[in-house]
Amino acid sequence: MRTQVAIIGAGPAGLTLAQLLHLEGIESVILENRSREYVEARVRAGVLEQGVVDLFTEAGVGERMAREGLVHDGIELQFAGERHRIDMAALTGGKAITVYGQTEVVKDLIEARLATGRPLLFEVDDVRAEELESERPRVLFTHEGAQHVLDCDMIAGCDGFHGVCRPTIPASVLRTFSREYPFGWLGILAAVAPSNDELVYAHHERGFALLSLRSPEISRLYVQCRPDEDIAEWPDARIWEELQIRLGLPGWTLAEGHVLEKGITPMRSFVTEPMRHGRLFLAGDAAHIVPPTGAKGLNLAIHDVRLLAEALTEWYGAGSERLLDSYSTDCLRRVWRAEHFSWWMTTMLHRPEGDDPFEVRLQESQLRYVTSSRAAATTLAENYVGLDTV
Ligand code: FAD
Ligand code: DHB
């Protein structure tokens with residue numbers, strides 16, 4: 001087998017890259033180790049920045065998102081028993097976010113890919129990227145019991161945090177930066193109309209909670225928990241009880257419903273530098289992880305592959321390596337902005353380890369500042385909706 005760009009991973013990064021390359025007439029093969037059903041059902045992020053919405057629209061995969069996505073002009077921050085609205089549109093010259101689940105993004109992208117007739121292989125095994133430093137890199141894999149070699153010009157490592165691409169880069173050329181947080185998020189999807197029109201990020205002495213949604217009928221909710229917590233210790237009744245306490249306000253109740261899905265996500269910050277080695281380019285979670293509090297993970301993955309598609313287009317079209325050479329540096333500017341924003345939102349909103357009273361007072365002060373100063377609120381708003389330049 002031969003192609004121009006071998007793409008490892010059919011998450012948002014790999015699928016979007018394939019679509020952007022297709023629009024430029026560049027061939028690719030996508031290799032995914034899970035099944036289509038599994039990939040389409042994996043519940044994760046839900047918030048799309050304006051720039052990402054625009055990119056999906058321009059790439060021809062925005063039709064259902066335009067119909068079913070929910071545009072939000074603001075979010076609410078809750079602390080000390082009160083909610084405060086951050087009017088993102090007013091603070092950013094009219095920008096908004098769109099709530100549209102990652103599951104739906106992935107379904108739309110898979111449908112678009114299949115319509116192109118270009119290869120997308122599910123349930124591949126033993127994927128190995130080789131000869132990265134040569135001009136003839138290749139990917140070895142097995143599919144339906146047979147071994148294959150995929151020769152290519154370039155390899156895109158879009159295989160997420162636990163993928164195989166990043167570990168193939170020699171440790172001597174990689175630098176990694178990381179931080180583990182002493183908490184996780186327990187997330188549920190529930191069959192109940194969202195109890196609030198906008199997202200609520202709640203600071204509470206029992207821990208952080210987040211009210212989000214997927215549709216007018218489906219709520220998405222999270223509570224801070226320990227990273228190593230056993231989900232068996234969280235029967236549905238306990239989750240609702242905790243959500244009621246942390247999100248509750250006099251005169252407002254959280255409507256409860258059937259829990260459709262639940263899971264625990266550990267929280268970490270992680271960055272790999274550089275994001276390229278020879279002919280292997282890392283994109284999305286394969287190169288960096290943010291804690292979910294800033295809603296940046298999915299958005300960053302899309303920004304990476306937009307730059308990668310531009311760089312590959314210039315290389316195939318004009319023979320210039322300029323954008324390929326600057327790919328890592330160009331991505332990392334936005335990555336580090338998102339790392340800082342996500343770390344800042346996380347430390348401002350979560351119950352600190354040991355309930356350190358000094359830290360709690362700092363959080364309360366910062367929350368009051370962010371909800372009372374236009375300058376501070378603008379800092380949150382412009383990062384949340386996504387910066388045009390970084
Ligand atoms: P992924 O979506 O991880 O896609 C990588 C793909 O590669 C997967 O399909 C995987 O199966 C495949 N793959 C892995 N190894 C191989 C291999 N060896 N060979 C072939 N294929 C392989 N972000 C938010 O903004 N908000 C959230 O609420 C949120 N919740 C999250 C919850 C969880 C449990 C996780 C893990 C992440 C969450 N994120 C969230 C982050 C967000 O979902 C990711 O940033 C986003 O999925 C990144 O997309 P990606 O395409 O880079 O990686
Ligand atoms: C959702 C996830 C996030 O990480 C976030 O900050 C806001 C919303 C969500 O899944 O809806």
Side-chain angles (χ1 to χ4, degrees), residues 6-18 29-36 38-49 52 70 72 75 97-103 105-106 109-110 120-129 139-143 156-168 184-189 194 198-201 208 210-215 218-222 261-268 270 282-305 335 338 341-342 345-346 349 384:
I7 300 176
I8 306 181
L15 290 164
T16 302
L17 177 63
V29 171
I30 312 177
L31 304 174
E32 164 61 49
N33 68 351
R34 301 286 193 159
S35 68
R36 179 178 178 183
Y38 182 92
V39 170
E40 290 189 344
R42 197 162 40 190
V43 180
R44 287 185 174 175
V47 172
L48 304 182
E49 295 174 357
V52 169
L70 303 164
H72 284 199
I75 58 168
I97 52 116
T98 295
V99 177
Y100 190 63
Q102 183 168 330
T103 45
V105 169
V106 166
L109 287 163
I110 289 176
L120 162 55
L121 307 184
F122 289 102
E123 299 181 68
V124 302
D125 278 313
D126 310 320
V127 175
R128 273 197 353 248
V139 182
L140 278 56
F141 64 98
T142 54
H143 186 237
C158 303
D159 51 348
F161 184 64
H162 299 287
V164 292
C165 290
R166 193 179 64 250
T168 61
W185 277 16
L186 192 169
I188 62 166
L189 203 61
E198 293 182 328
L199 274 66
V200 181
Y201 287 80
F208 172 74
L210 170 61
L211 183 158
S212 181
L213 63 156
R214 284 294 177 270
S215 74
I218 304 281
S219 297
R220 176 81 169 143
L221 299 133
Y222 298 93
E261 200 263 355
K262 63 179 168 184
I264 292 176
T265 311
M267 297 175 78
R268 64 164 73 81
F270 176 88
L282 300 176
D285 279 17
H288 41 73
I289 295 285
V290 285
T293 326
K296 288 286 159 238
L298 169 59
N299 292 296
L300 270 187
I302 305 305
H303 286 294
D304 287 351
V305 295
V335 168
F341 178 65
S342 306
M345 288 284 280
T346 301
L349 287 162
Y384 195 83

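For the numbers below, each heavy atom of this structure counts, side chains included, while hydrogens, waters and symmetry mates do not. Just so you know, ligand 1 is whichever comes first in the structure, and atom 1 is the first atom listed for that ligand.
Closest protein heavy atom to atom 11 (O) of ligand 1: Glu32 OE2, 2.6 Å. At the shortest separation from atom 23 (N) of ligand 1 among protein heavy atoms lies Ala45 CB, 3.4 Å. Nearest protein neighbour of atom 43 (O) of ligand 1, counting heavy atoms only, is Gln102 OE1, 2.8 Å. Residue, atom and distance of the protein heavy atom nearest to atom 5 (C) of ligand 2 are Tyr201 OH, 3.3 Å. Of the protein's non-hydrogen atoms, Asp159 O, 3.1 Å is the one closest to atom 14 (C) of ligand 1. If you check which protein heavy atom lies closest to atom 21 (N) of ligand 1, you get Asn33 N, 3.2 Å. Here the heavy atom of the protein found nearest to atom 2 (C) of ligand 2 is Tyr222 OH, 3.7 Å. If you check which protein heavy atom lies closest to atom 35 (C) of ligand 1, you get Arg44 NE, 3.4 Å. Closest to atom 8 (C) of ligand 1 among all protein heavy atoms lies Arg42 NH2, 3.2 Å. Among all non-hydrogen protein atoms, the one lying nearest atom 41 (C) of ligand 1 is Asp285 OD2, 4.2 Å.
Atom 47 (O) of ligand 1 lies below 4.0 Å from at least one non-hydrogen atom of the protein.
Residue His162 has no N or O atom closer than 3.5 Å to an N or O atom of ligand 1. Geometrically, ligand 2 and Pro292 share a nitrogen or oxygen pair separated by less than 3.5 Å. Below 3.5 Å of separation, one finds no N or O of Tyr384 facing any N or O of ligand 2. For ligand 2, the polar-atom distance check against Trp185 finds no nitrogen or oxygen pair separated by under 3.5 Å.
Here the straight-line distance linking atom OH of Tyr38 with atom CZ of Phe122 works out to 13.5 Å at 0.5 Å rounding. With rounding to the nearest 0.5 angstrom, the CG atom of Leu221 is 7.5 Å from the CG atom of Leu210. For the atom pair CD1 of Ile75 and CG of Leu211, the computed distance is 12.5 Å after rounding to the nearest 0.5 Å. To the nearest 0.5 angstrom, Arg42 atom CZ is 12.0 Å from Glu261 atom CD. Asp285 CG to Leu300 CG: the interatomic distance, rounded to the nearest 0.5 Å, is 9.0 Å. Summarising the geometry, atom CG belonging to Leu120 is positioned 6.0 Å from atom CD1 belonging to Ile110; distances are rounded to the nearest 0.5 Å.
At distances below 3.5 Å, at least one donor-acceptor pair connects side-chain atoms of Asp304 with backbone N or O atoms of Gly284. Looking only at distances, a side-chain donor or acceptor of Asp159 sits under 3.5 Å from a matching main-chain atom of Val164. Within the 3.5 Å criterion, the main-chain N or O of Asp125 finds a donor-acceptor partner in the side chain of Thr142.
In terms of the side-chain contact (heavy atoms from CB on, under 4.5 Å) criterion, Thr265 has no residue partners (sequence neighbours excluded).
The shortest heavy-atom distance from Tyr222 to ligand 1 is under 4.0 Å.
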Full working for side chain to side chain contact (heavy atoms under 4.5 Å, CB included) between Leu213 and His72: CA-CA 11 Å; Leu213 63 156; His72 284 199; 3.6 Å; yes
Worked verdict on Thr293 versus Trp185 for side chain to side chain contact (heavy atoms under 4.5 Å, CB included): CA-CA 10 Å; Thr293 326; Trp185 277 16; 3.7 Å; yes
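Ring-plane geometry between Phe161 and Phe270 is classed as perpendicular, the angle between the planes exceeding 60 degrees on a 0 to 90 degree scale with a lower cut at 30. Ring geometry for Tyr384 against Phe341 counts as perpendicular: the plane angle is over 60°, on a 0 to 90° scale with 30° as the lower cut.
Contacts between Thr265 and ligand 1, counted as non-hydrogen atom pairs separated by less than 4.0 Å, involve the side chain only. If you look at Cys158 next to ligand 1, the close heavy atoms, those under 4.0 Å, all belong to the backbone.
Counting atoms of ligand 1 from 1 in the listed order, those under 4.0 Å from a heavy atom of Ile8 are 19 (N), 20 (C). Within the listing of ligand 1, atoms 25 (O), 45 (O) sit less than 4.0 angstrom from a heavy atom of Gly297. Numbered from 1 in the order shown, with element, the atoms of ligand 1 that lie under 4.0 Å from a heavy atom of Gly163 read 15 (N). Proximity to Gly284 (heavy-atom distance under 4.0 Å) selects the following atoms of ligand 1: 52 (O).
Compare Arg44, Lys296, Arg214, Met345 by their heavy atoms: the one nearest to atom 9 (C) of ligand 2 is in Arg214.
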